[in-house]
Amino acid sequence: MTEIFKRAAELLTKKDKIIIAIDGQCCAGKSAMARFMAENLDCNVFHLDDFYLTEEERQNKSRGFVNADVSRFRAEVLENLRGTAPFDYEKYDCESGTVSKFVVTEQKPLNIVEGAYCLCDELAGYYDIKIFLKIDEAEQLSRLKKRETDITPYIEKWIPLENDYIAAQRPQDKADFVGRISADGEFIKTL
């Protein structure tokens, strides 16, 4: 993490605001890495999970394999980060399956976007630092079992969708840092 923090500090001497993206495989540690950064840096954290498509939107084949409303995320968050005024955005609620909650955000110099799909072709150009987290299949399954009571939807639906995205758009190739999160929470750079 030291190298990432150093790069962010260097960029903030040249720019008023930066955005760091953390993409990666399911259970690779994206949220944990964002949480660690937020605990150690004054920053906003945006979760692409808050922009998941509703079930009705998922049925729309024209959206392709990406399970997040990246157009809405771009309009409501990334474009607003170009300004200076506070802004709000709507949040997807997993329990109701609807977009209904509002989140008000103050502008900060450092902003983190975490979640699968955040380095998709439509969004990749917005970020100053791009991170991609990997995980091997056995460790992914182990972490998934610890996190979820029912892993079936992940195995049958969510992970295959993410794998299709990774194969098609190769977010790891767009990343400045590629690595994994160790069992003790350390970022281990692999590229």
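Since the model is a prediction, treat every value here as computed from it, not as a measurement.
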Task: For D23 against P171, the heavy-atom pair lying closest together - done: OD2-CB, 3.9 Å
Task: Atom pair CD (Q172) and CD1 (I166), whose distance is rounded to the nearest 0.5 Å - done: 6.5 Å
- [ ] Would you please name every residue forming a side-chain contact (heavy atoms from CB on, under 4.5 Å) with D93, sequence neighbours left out?
- [x] E95, S96, S100, K101
Task: Closest heavy-atom pair and its distance - Y127, L119 - done: CD1-CD2, 3.7 Å
- [ ] Please confirm whether the backbone N or O of I188 pairs with a side-chain atom of R180, one donor and one acceptor, at under 3.5 Å?
- [x] no
TODO: Identify the two heavy atoms, one from D136 and one from E139, that lie closest to each other, and give their separation to 0.1 Å.
DONE: OD1-N, 2.8 Å
Open item on the list: Measuring only between side-chain heavy atoms, which start at C-beta, is I19 closer than 4.5 Å to L78?
Closed with: yes
Open item on the list: Please enumerate all residues that pass salt bridge (Lys or Arg N to Asp or Glu O under 4.0 Å) together with D150, with sequence neighbours excluded.
Closed with: none
Open item on the list: Whether the side chain of Y165 engages the backbone of C120 through a donor-acceptor N/O pair (distance < 3.5 Å, no angle test) should be reported.
Closed with: yes
TODO: Report whether I135 and L48 are members of the same hydrophobic cluster (ILVMFWY, side-chain heavy atoms less than 4.5 Å apart, transitive linking).
DONE: no
Task: Y126 side chain reached by V113 side chain, heavy atoms, under 4.5 Å - done: no
- [ ] Name all residues meeting the side-chain hydrogen bond (donor to acceptor under 3.5 Å, both in side chains) criterion together with K17; count only those two or more places apart in sequence or in a different chain, and write none if there are none.
- [x] Q107
Task: Shortest non-hydrogen contact between Q140 and C26, atoms and distance - done: NE2-O, 2.9 Å
Open item on the list: side-chain contact (heavy atoms from CB on, under 4.5 Å) for L161 and Y117? Distances and angles first, verdict last.
Closed with: CA-CA 10 Å; L161 279 171; Y117 311 113; 3.6 Å; yes
Open item on the list: So does P160 get a backbone contact from the side chain of Y154, meaning a donor-acceptor N/O pair under 3.5 Å?
Closed with: no
Task: Set of salt bridge (Lys or Arg N to Asp or Glu O under 4.0 Å) partners for K108, sequence neighbours left out - done: D42
Open item on the list: I need the full list of salt bridge (Lys or Arg N to Asp or Glu O under 4.0 Å) pairs touching residues 74-89, with sequence neighbours left out, sorted by first then second residue.
Closed with: R72-E76, R74-E122, E79-R82
Task: side-chain contact (heavy atoms from CB on, under 4.5 Å) assessment of I151 paired with K145 - done: CA-CA 7 Å; I151 66 169; K145 286 178 180 177; 4.1 Å; yes
Open item on the list: Can you confirm whether D173 is buried at CG, in the sense that more than 12 heavy atoms of other residues, nucleotides or ligands lie under 6.0 Å from that atom?
Closed with: yes
TODO: Only counting residues at least two apart or in another chain, list the ones meeting side-chain contact (heavy atoms from CB on, under 4.5 Å) with L11.
DONE: R7, I18, D128, I129
- [ ] Output every pair passing ring pair (Phe, Tyr, Trp, His ring centres under 6.0 Å) with a member in residues 70-90, not counting sequence neighbours, ordered by first then second residue.
- [x] F46-Y89, F51-F73, F51-Y89
Open item on the list: So, using salt bridge (Lys or Arg N to Asp or Glu O under 4.0 Å) as the criterion, who are the partners of E10 when residues are at least two apart?
Closed with: K14
Task: Partners passing salt bridge (Lys or Arg N to Asp or Glu O under 4.0 Å) against D49 (at least two apart in sequence or in another chain) - done: none
Open item on the list: Suppose we screen for side-chain hydrogen bond (donor to acceptor under 3.5 Å, both in side chains). Which residues come up paired with N44, at least two apart in sequence or across chains?
Closed with: N111
Open item on the list: Are T84 and D16 packed together at the side-chain level, in the sense that at least one heavy-atom pair is separated by less than 4.5 angstrom?
Closed with: no
TODO: With rounding to the nearest 0.5 Å, note down the distance linking CG in D164 to CD in Q169.
DONE: 11.0 Å
Side-chain donor-acceptor contacts of residues 28-41 below 3.5 Å, not counting sequence neighbours, with atom names and distances?
from, atom 1, to, atom 2, distance (Å)
K30, NZ, G24, O, 3.4
K30, NZ, Q25, O, 2.7
S31, OG, E114, OE1, 3.3
S31, OG, E114, OE2, 3.3
N40, ND2, F36, O, 2.7

Task: Closest non-hydrogen atom pair between C43 and I112, with its separation - done: SG-CD1, 3.6 Å
Open item on the list: Once rounded to the nearest 0.5 Å, what's the spacing between atom NZ of K189 and atom OG1 of T2?
Closed with: 12.0 Å
TODO: Begin with the C-alpha distance, continue with both residues' side-chain angles, and end with the deciding distance and a verdict on side-chain contact (heavy atoms from CB on, under 4.5 Å) for I155 and L141.
DONE: CA-CA 9 Å; I155 301 299; L141 187 59; 4.0 Å; yes
Open item on the list: For A75 versus N80, what's the shortest heavy-atom pair and its separation?
Closed with: O-ND2, 3.7 Å
- [ ] Carefully, step by step, assess C118 and I22 under the rule side-chain contact (heavy atoms from CB on, under 4.5 Å).
- [x] CA-CA 7 Å; C118 71; I22 307 170; 5.6 Å; no
TODO: Could you tell me which residues satisfy side-chain hydrogen bond (donor to acceptor under 3.5 Å, both in side chains) with K174, sequence neighbours excluded, listed by chain and number?
DONE: D121
Open item on the list: Could you check whether any side-chain heavy atom of F187 comes within less than 4.5 Å of a side-chain heavy atom of E3, counting everything from C-beta outward?
Closed with: no
Task: Test item: D176 side-chain N/O and K130 main-chain N/O as donor-acceptor pair under 3.5 Å - done: yes
